[in-house]
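Everything numeric in this text was worked out from a predicted model, so none of it was measured. Letters A, B, ... mirror the listed sequences (proteins, then strands); counts begin at 1.
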Amino acid sequence: KEVVERLRYLEAEIEDLELKEKELDQQKLWLQQSIKNVKEDSTNKHFSYITHEDICDCFNGDTLLAIQAPAGTQLEVPLPHVGQKKYQINLKSNSGPIHVLLINKE
Amino acid sequence: TSLTPKTALLYKFNRSPSESLKEINNMIKQGGQR
Amino acid sequence: AQECQNLEVEKQQRIERIKQKRSQLQELLLQQIAFKNLVQRNQHKEIWGPPSVNSTIQLPFLVINTSKRTVIDCSISSDKFEYLFNFDNAFEIHDDTDLLKRMGMSLGLETGKCSSEDLRTAKSLVPKALENYVTDMYTKHDLFLESSQTHSALDMA
């Protein structure tokens, strides 16, 4: 009797979880669309910038490179060789030029 | 059969999740150690 | 009994997936809050006039940071479609969402340093139907903070 009751209870719980999961999937799609709309709004687009000062304040003292590139541009970082201090970044665009800005406080 | 070791990590602008960048940063931090 | 066991496993898997999907949703909410907060801040600052020329970078972009002692060698194709950077030191790469969080544009929700005032602001920046996820982030950290405070109080006792 207990096992049958447990079975019924579990089936009901799983049904609830299934509904919750579907709701989360729906909300995610909806929110992604909302973020896209917000970012594409012309006024928001005009004011969606960060100052060099803002960036320098986030990484005090470091050398900073800012990279703007068309969507889909590939950034590739080869696995560095153990023990060698050699690191590489390859940027490859198929649809437009890439802009790189060296930002430094000094 | 062991997979061929990854020789590079990739990130696509406006396509890849932020997680990919975290993975790259970890790889650089470990200096390529396995 | 075997069927019960299978359903228990399925239930745990669903609970795990729901946890993941909730945190993905909360990450998207942080993105929306940070972006809208940035726009509002810039609008407010521009009351005193636009920023000086060449002092801003338009979203989206990536930032690479490395020690100022690092030597960077850069090769660029003539059409600027391809770049090759060589560094003699480690670097990090961050996207603008990560940068906005560092600037505090997500009002400290992800670090638990969000005031009740900022919680109100954050909730005003997201769709009404999703406000409860923002409150969850706030209370989660709040509860965590509370529990850690009680723990330390107990330790003291």
Open item on the list: Looking at A/Glu40, I want to see if its CD is surrounded by more than 12 non-hydrogen atoms of other residues, nucleotides or ligands under 6.0 Å.
Closed with: yes
Open item on the list: Tell me if the NZ atom of A/Lys92 is crowded by more than 12 foreign heavy atoms within 6.0 Å.
Closed with: no
Open item on the list: Between B/Leu10 and chain A, with a heavy-atom cut-off of 4.5 Å, which part of the residue counts as in contact: side chain, backbone, both or neither?
Closed with: both
Open item on the list: What's the separation between atom CD1 in A/Ile89 and atom CD1 in B/Ile28, rounded to the nearest 0.5 Å?
Closed with: 7.0 Å
TODO: Take atom CD of A/Gln33 as the centre, draw a 6.0 Å sphere, and report whether it contains more than 12 heavy atoms from other residues, nucleotides or ligands.
DONE: yes
- [ ] Check B/Arg15 against A/Ala71 and note the closest heavy-atom contact, atom names and distance.
- [x] NH1-CB, 3.5 Å
- [ ] Would you give the length of the straight line joining atom CD1 of B/Ile24 to atom CD of A/Glu76, rounded to the nearest 0.5 angstrom?
- [x] 9.5 Å
- [ ] Drop me the distance from B/Phe13's CZ to A/Gln74's CD, to the nearest 0.5 angstrom.
- [x] 11.0 Å
Open item on the list: For a quick test of reading the model, state the closest non-hydrogen atom pair linking A/Pro78 to B/Met27 and the distance between them.
Closed with: O-CE, 3.6 Å
Task: Option that, when pairs with chain B are counted at under 4.5 Å, heavy atom only, ranks first among A/Leu75, A/Ile67, A/Leu91, A/Asn90 - done: A/Leu75
